[in-house]
Amino acid sequence: MTRHGGTRYDATRDELADVLVGEPRYRLDQVWDGLYAQLADPADITNLPKQLRAELDVALPPALTHVTESISDDGETIKFLWELDGGSRVETVLMLYPGRATVCVSSQAGCAMGCGFCATGQAGFTRHLTVGEIVEQVVRAAQRAKGAGRRVSNIVFMGMGEPMANLDTVWAATERFHGDLGLSARHITISTVGLVPGIRSMTGRELPVNLAVSLHAANDTLRDELVPINRRYPIADLMDACEDYLDAKHRRVSFEWAMIDGVNDRDRDARELAALCRRLSPHAHVNLIPLNPTPGYPTTGSTLRRVHEFRDLLESLGANATVRRNRGTDIDAACGQLAAGQPVALTRTR
Ligand code: SAH
Ligand code: SF4
């Protein structure tokens with residue numbers, strides 16, 4: 001056996017074949033099946049000889065060291081904090097809903113995009129995650145889901161980092177989710193702050209995954225302020241890229257809108273947003289959540305009453321919108337505003 005150099009979910013099939021040099025050929029299938037179909041650690045792939053398991057465990061080390069986790073009161077939301085090689089920390093969230101189990105993954109340690117309201121943005125950028133670090137987040141969450149008799153059905157790139165700033169790696173991980181973990185592309189969502197070249201690049205790639213755009217403002221003056229990267233990729237260019245993505249993939253595009261009291265929750269914001277939604281065909285779907293306050297951004301989220309009014313206004317203007325829950329034990333609070341070491345909104349830590 002040779003060492004791969006990367007971690008257990010970094011290795012491609014071909015690289016794994018190299019690791020298994022000198023072993024019978026069928027071992028490759030057994031190990032790959034063990035890692036992906038059984039979600040087993042190499043040491044637990046029981047149809048392998050004991051000696052081989054032990055060797056594999058050393059040759060293919062894990063990427064993630066478990067630091068801590070938080071569990072919501074109802075037990076249905078679990079947030080994991082991991083330490084990576086080099087010491088940075090990232091989070092993963094597993095959400096067990098009645099009909100589906102969703103994992104929210106991180107794509108970078110920190111983020112360079114500098115959105116002022118976002119805890120990850122406030123922390124700055126540390127580094128890109130590797131394929132192995134991204135895939136292993138899902139596998140570790142899926143192991144936990146399996147323990148509860150559940151299968152992971154959906155993956156959202158809404159954890160820490162900007163997936164489109166690390167797109168080749170995110171895409172390689174997505175292909176692993178699709179081809180090896182058996183998830184449908186329709187159940188995988190990549191969320192972006194609006195990196196137009198990334199959306200365009202995704203348009204040319206094969207899998208029809210869902211695209212979510214963190215819009216938060218529907219005019220350039222306000223969006224320049226809330227989402228600084230808008231100065232480079234203004235709304236008109238972003239909408240063109242979304243339109244082309246829709247044409248190519250026939251998938252729904254959704255707009256994420258974190259509602260900030262008095263900033264982007266006014267009637268005129270709803271009118272501007274509805275106009276953008278109507279421009280796309282099929283129309284974009286809006287997800288509304290009240291902004292969760294973070295230490296670096298003292299402004300508060302809109303009241304729930306205003307969130308519902310805003311939703312109704314959007315609907316009356318021909319745009320579809322859903323209010324996502326926030327706060328308390330619900331995960332929409334934790335997902336997307338992860339700051340390593342500061343569990344947000346979840347109550348029990350162990
Ligand atoms: N960087 C990507 C992926 C992260 S997704 C992106 O921005 O789309 C995280 C989601 O949570 C984004 O929609 C983000 O704008 C939102 N978010 C960040 N901070 C938040 C906060 N304090 N309250 C509510 N939503 C927030
Ligand atoms: Fe980065 Fe997304 Fe946070 Fe903006 S909202 S700083 S792009 S993680």
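Ligands are counted one by one from 1 in listed order, and the atoms in each one are counted from 1 as well. Treat the numbers as computed from the prediction; the structure is a model and nothing was measured. For the single chain, residues carry numbers from 1 onward in sequence order.
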Novice: Does some non-hydrogen atom of Met164 fall short of 4.0 Å from ligand 1?
Specialist: no
Novice: Heavy-atom distances under 4.0 Å decide this one: backbone, side chain, both or neither, for Thr294 against ligand 1?
Specialist: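 It is the side chain that touches ligand 1; the backbone stays farther off.
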Novice: Quick check: does Ser214 get an N/O under 3.5 Å from an N/O on ligand 1?
Specialist: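 Indeed, backbone or side chain, Ser214 has an N or O that close.
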Novice: Please identify which of these residues, Asp240, Asp237, Asp244, meets the salt bridge (Lys or Arg N to Asp or Glu O under 4.0 Å) condition with Arg200.
Specialist: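 Single pass found, and it is Asp244.
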Novice: Yes or no: does Ser214 have any heavy atom under 4.0 Å from an atom of ligand 2?
Specialist: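 Distance cut 4.0 Å: Ser214 fails for ligand 2.
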Novice: Taking the six-membered ring where the residue is Trp, are the ring centres of Trp82 and Phe80 under 6.0 Å apart?
Specialist: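 Aromatic pair counts; centres sit under 6.0 Å.
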Novice: Among Ser254, Ser214, Cys104, which residue satisfies the side chain to side chain contact (heavy atoms under 4.5 Å, CB included) criterion with Ser191?
Specialist: Ser214
Novice: For ligand 2, which part of Cys111 has a heavy atom less than 4.0 Å away: the side chain, the backbone, both, or neither?
Specialist: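 The part of Cys111 near ligand 2 is the side chain, not the backbone.
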Novice: Which atoms of ligand 1 sit under 4.0 Å from any heavy atom of Ala258?
Specialist: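 Counting atoms of ligand 1 from 1, those under 4.0 Å from Ala258 are 24 (C), 25 (N).
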Novice: With Asn264, which of Leu291, Asn219, Leu222 fulfils side chain to side chain contact (heavy atoms under 4.5 Å, CB included)?
Specialist: Leu222
Novice: Give the numbers and elements of all ligand 1 atoms closer than 4.0 Å to a heavy atom of Val193.
Specialist: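 Close to Val193: 6 (C), 8 (O).
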Novice: Checking only N/O/S atoms, does Cys118 have one that is under 2.8 Å from atom 3 (Fe) of ligand 2?
Specialist: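 Yes, Cys118 qualifies, because one of its backbone or side-chain N, O or S atoms lies under 2.8 Å.
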Novice: State whether the number of non-hydrogen atoms from other residues, nucleotides or ligands found under 6.0 Å of Asp247 atom CG is greater than 12.
Specialist: yes
Novice: Would you say CZ of Arg151 has more than 12 non-hydrogen atoms from neighbouring residues, nucleotides or ligands within 6.0 angstrom?
Specialist: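 No, not enclosed.
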Novice: Answer side chain, backbone, both or neither: which part of Ser191 comes under 4.0 Å from ligand 1, heavy atoms only.
Specialist: both
Novice: Does any N or O of ligand 1 fall below 3.5 Å from an N or O anywhere on Glu162, backbone included?
Specialist: yes
Novice: Using a heavy-atom cut-off of under 4.0 Å, does the side chain or the backbone of Met160 touch ligand 1, or both, or neither?
Specialist: neither
Novice: Counting from 1, what ligand 1 atoms have a heavy atom of Asn292 closer than 4.0 Å?
Specialist: 21 (C), 22 (N), 23 (N), 24 (C)
Novice: With respect to atom 3 (C) of ligand 1, which of Gly116, Gly301, Gly161 exhibits the smallest heavy-atom separation?
Specialist: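 Checking each option, the heavy atom nearest atom 3 (C) of ligand 1 is found in Gly161.
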Novice: Using a strict 4.0 Å cut-off to heavy atoms of Gly159, name the atoms of ligand 1 that fall inside it.
Specialist: 4 (C)
Novice: Quick one: which of Gln108, His216, Met158 has a heavy atom closest to atom 15 (O) of ligand 1?
Specialist: His216
Novice: CZ of Arg278: more than 12 outside heavy atoms within 6.0 angstrom?
Specialist: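 Enclosed: over 12 neighbouring heavy atoms sit under 6.0 Å from CZ of Arg278.
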Novice: Given 3.5 Å as the limit, does a donor-acceptor pair link the side chain of Glu83 with the main chain of Val67, or not?
Specialist: no
Novice: Would you check whether Cys111 has a nitrogen or oxygen atom less than 3.5 angstrom from a nitrogen or oxygen atom of ligand 1?
Specialist: no
Novice: Examine the proximity of ligand 1 to Ile289 and report which part, side chain or backbone, both or neither, has a heavy atom under 4.0 Å away.
Specialist: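 The answer is the side chain of Ile289.
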Novice: Mark yes or no for whether Arg271, through its side chain, and Leu317, through its backbone, hold a donor-acceptor pair below 3.5 Å.
Specialist: no
Novice: Do Thr294 and Gln122 have side-chain atoms, one donor and one acceptor, less than 3.5 Å apart?
Specialist: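 Gln122 and Thr294 do have a side-chain donor-acceptor pair below 3.5 Å.
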Novice: Kindly check if the number of other-residue, nucleotide or ligand heavy atoms within 6.0 Å of CZ (Arg205) is above 12?
Specialist: yes
